[in-house]
Amino acid sequence: MMGLSLFPGLGYIFLGLIHDVSIRAFIWYGLIVLVSLWGNRLYKSYRPDEMTVKSKDQWYSELSYFYYAFFSLWTLIFLLYVNEDTYNLHYIAIFTQIGASVVASALLSSDRRLFVPTILILMVPLIIYFFAVNQWYGYILAIFSIVFTWVLFYSANSSFKLLMKAEYHATHDHLTGLYNRRYFINALQQMMNALKGTDSYSYLLLIDLDHFKTINDSLGHDVGDQLLQEVTARLKTCLPSRDVLARLGGDEFIIAGHNTDEYSDSKERAMELSKQIINSLKASYIIDRHHLYISSSIGVSLISSSSSDANRFIKEADIAMYEVKARGRDDVILFDQEMSGRVESHLELERMLHFALEKDEIFLHFQPQFDNNQNIIGVETLVRWNNSKFGFISPAVFIPIAEQTGLIIDLGGYIIENAFRTLSEWHDKGIELRQFSINISMRQFFHYGFIDEVKKHASHYLDQKLNETIVFELTETIVAEDIHKVVTIINELKTLGMHFSMDDFGTGYSSLSYLKQLPIDEIKIDRSFVNELNEDEGDQAMIITILKMADIFGLRVVAEGVETQDQFEFLKQFKCDYYQGYYFSKPLSTGDFEKLYSS
Ligand code: C2E
Ligand code: CA
Ligand code: CA
């Protein structure tokens with residue numbers, strides 16, 4: 001852009017060379033060349049992507065000095081040369097000035113700080129010059145030039161406004177008016193540039209609202225949106241000046257600190273700010289006459305010159321934020337290397353899990369279920385993974401990974417098919433079961449192909465009588481989802497004769513009202529309650545209540561994790577239906593189960 005300044009500059013030299021070859025003139029030419037070269041150097045040093053906020057400010061102030069110098073020089077030369085005027089001088093002046101102005105106003109319209117002074121510098125001397133000609137045609141040309149200057153301003157300004165509008169939409173979030181992810185990454189990159197070559201740190205706060213989805217689903221998106229706007233307003237009041245706040249999407253916000261500090265100071269600042277935010281967001285909200293409470297989880301990462309990748313620091317803050325969620329939410333945690341190690345091994349497992357099916361490392365175990373007379377009445381299918389490098393890995397570890405990565409769809413399909421096949425083979429061998437349970441993950445349950453997958457394998461391996469023994473175990477978290485959709489899916493499979501069970505009952509959100517809405521047939525008392533039966537009277541009361549409630553709703557009850565005779569006797573006394581646990585049997589391979597059954 002600034003290269004343009006060379007253009008009129010050289011125009012004047014040309015003009016001068018024709019009319020003046022004195023030493024005085026050469027001094028002027030020299031000055032013009034110097035200033036033009038300065039402009040060119042400025043132009044070349046403008047690198048918006050790599051510059052920090054501070055160096056950009058410096059650049060702009062140098063630019064304005066450059067404009068002053070150029071303007072003064074031109075004005076001086078005009079005044080000096082106007083007396084030696086010829087027609088050539090007019091043409092050259094008009095040509096260089098107007099040409100340059102048009103190009104400049106078009107090219108520089110992206111920045112008001114650029115096009116306003118440029119147009120002024122190019123057009124004002126021309127107007128002065130025409131007046132100074134002191135002829136009738138000079139006055140007319142001067143007036144034309146004034147009108148033309150105004151037109152240039154007007155058009156440059158309109159395109160500037162249009163550009164600003166487009167820029168606003170591209171860099172801001174619609175709902176909250178905050179910056180969006182794209183802008184934020186850019187701003188963060190600039191902050192990181194500022195840290196280059198220093199030992200300083202700044203902070204990054206990733207803020208996620210806890211259970212926002214529940215509010216959104218139960219009260220509607222309007223209320224959810226208003227809540228997000230209110231949260232935004234509160235975040236702004238906590239925000240230190242010049243820190244950058246953005247919404248990454250959904251209920252996730254992010255802050256990048258402006259000030260740089262030593263490690264410990266930066267850390268302290270980040271923690272203090274986080275606590276202030278957590279407290280501020282926790283105060284109650286009144287939206288559409290609803291009194292709402294929401295807590296937040298914050299992950300912190302400290303930005304330094306150790307990496308030039310902005311996304312890495314966001315990822316770190318994200319890992320720390322998930323750590324907060326895992327430890328019960330409503331808190332702040334600073335990212336550390338140990339966390340990153342865990343993420344690494346998590347990623348490694350994820351990679352291995354990808355090939356587990358192909359490499360035939362996945363198989364099923366079956367834990368028998370018993371009735372009051374200790375007869376086997378059914379089994380629960382439990383998946384097993386024996387990895388070549390890590391050995392046996394618990395489903396409690398790999399099922400959540402499979403859910404996060406989406407692998408659960410293939411894995412779940414594989415489990416259903418193998419479970420159905422085993423059931424059918426057992427039936428052929430004369431093993432009669434009253435129920436055959438299979439665990440279903442949330443993500444698998446809501447997948448569009450789930451119903452068809454079940455139907456396909458059922459028609460291949462089972463008949464109506466066997467269909468009726470199938471029990472799908474769902475976890476309680478399912479009630480936090482769209483309850484209408486849950487009911488539709490359950491009812492669709494119930495038309496085949498299959499049944500549904502609420503797993504880990506008592507640990508999650510389930511309430512009586514949900515139980516009434518869901519067409520389930522069975523609940524499984526979580527093993528944590530059964531486990532503490534002997535010591536904890538609260539748990540005894542809990543189990544008695546669950547059993548009574550189930551009786552009222554006409555639900556079957558399976559107690560899981562029964563490990564002692566006392567636990568079994570207690571449960572039997574309060575009319576539990578079925579039992580499952582190490583007291584009776586551990587999960588068994590197909591062969592071991594067949595042996596146990598026949599004995
Ligand atoms: P869950 O559905 O609650 O399964 C019961 C877990 O309790 C099993 O652990 C079982 O081995 C264990 N268990 C049984 N009896 C006792 C006992 O007396 N004492 C104790 N302490 N534990 C007992 P497992 O097999 O490690 O499975 C853990 C979780 O992994 C399961 O919890 C379930 O949520 C998930 N899972 C297992 N198999 C599958 C599957 O095929 N599909 C899906 N989606 N999830 C599965
Ligand atoms: Ca289960
Ligand atoms: Ca369970």
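Indexing begins at 1, ligand by ligand and atom by atom, following the structure's order. Numbers here simply count residues along the sequence, with the first being 1.
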Metal proximity, [X] vs the Ca ion (ligand 2), N/O/S cut-off 3.0 Å:
| X | result |
| --- | --- |
| D504 | no |
| E560 | no |
| S501 | no |

Exercise for review: Verify the distance criterion only: is there a donor paired with an acceptor across the side chains of T176 and D173 at less than 3.5 Å?
Suggested key: yes

Numbering as shown, the atoms of ligand 1 that approach [X] to under 4.0 Å (heavy-atom distance):
| X | value |
| --- | --- |
| E563 | 17 (C), 18 (O), 19 (N), 20 (C), 21 (N) |
| S441 | 44 (N) |
| G581 | 15 (N), 18 (O) |
| V562 | 18 (O) |

Polar contacts were defined as any N/O atom of the residue lying under 3.5 Å from an N/O atom of the ligand; does this apply to [X] and ligand 1?
| X | value |
| --- | --- |
| Q367 | yes |
| D504 | yes |
| V383 | yes |
| Q580 | no |

Point to revise | Angular separation of D503 OD2 and E473 OE1 about the Ca ion (ligand 2), given to 10° | key: 90°

**Study point:** Angle in degrees, rounded to 10°, that OE2 of E380 and OD1 of N439 form at the Ca ion (ligand 2)
**Key:** 90°

Checking [X] side chain against [Y] main chain: does a donor-acceptor pair fall under 3.5 Å?
| X | Y | answer |
| --- | --- | --- |
| Q229 | L175 | yes |
| S441 | Q444 | no |
| Q276 | L273 | no |
| Y285 | L281 | yes |

Residue portion contacting ligand 1 (non-hydrogen atoms closer than 4.0 Å) for [X]:
| X | result |
| --- | --- |
| D526 | neither |
| E380 | side chain |
| P587 | side chain |

Check your understanding: So is R384 close enough to ligand 1, meaning a heavy atom under 4.0 angstrom away?
Key -> yes

Check your understanding: Strictly under 4.0 Å, does any heavy atom of K586 approach an atom of ligand 1?
Key -> no

Review point. How are the rings of F366 and F593 set relative to one another: parallel (under 30°), tilted (30 to 60°) or perpendicular (over 60°)?
Key: tilted

Check your understanding: Angle class for the F370/F584 ring planes (parallel below 30°, perpendicular above 60°, tilted otherwise)?
Key -> parallel

Point to revise | Heavy-atom nearest option to atom 6 (C) of ligand 1, drawn from E403, R527, E560 | key: R527

Review point. Given D503, I362, I415, T564, which has its nearest heavy atom closest to atom 2 (O) of ligand 1?
Key: D503

Exercise for review: Identify the residue among E380, H499, Q369 that makes a side chain to side chain donor-acceptor pair (under 3.5 Å) with Q435.
Suggested key: Q369

Which heavy atom of [X] sits nearest a heavy atom of [Y], and at what distance?
| X | Y | value |
| --- | --- | --- |
| A559 | V530 | CB-CG2, 4.4 Å |
| A283 | R234 | O-NH1, 2.9 Å |
| R443 | G406 | NH1-N, 3.4 Å |

Check your understanding: Below 4.5 Å, heavy atoms only, C-beta onward: do E522 and V471 meet side chain to side chain?
Key -> yes

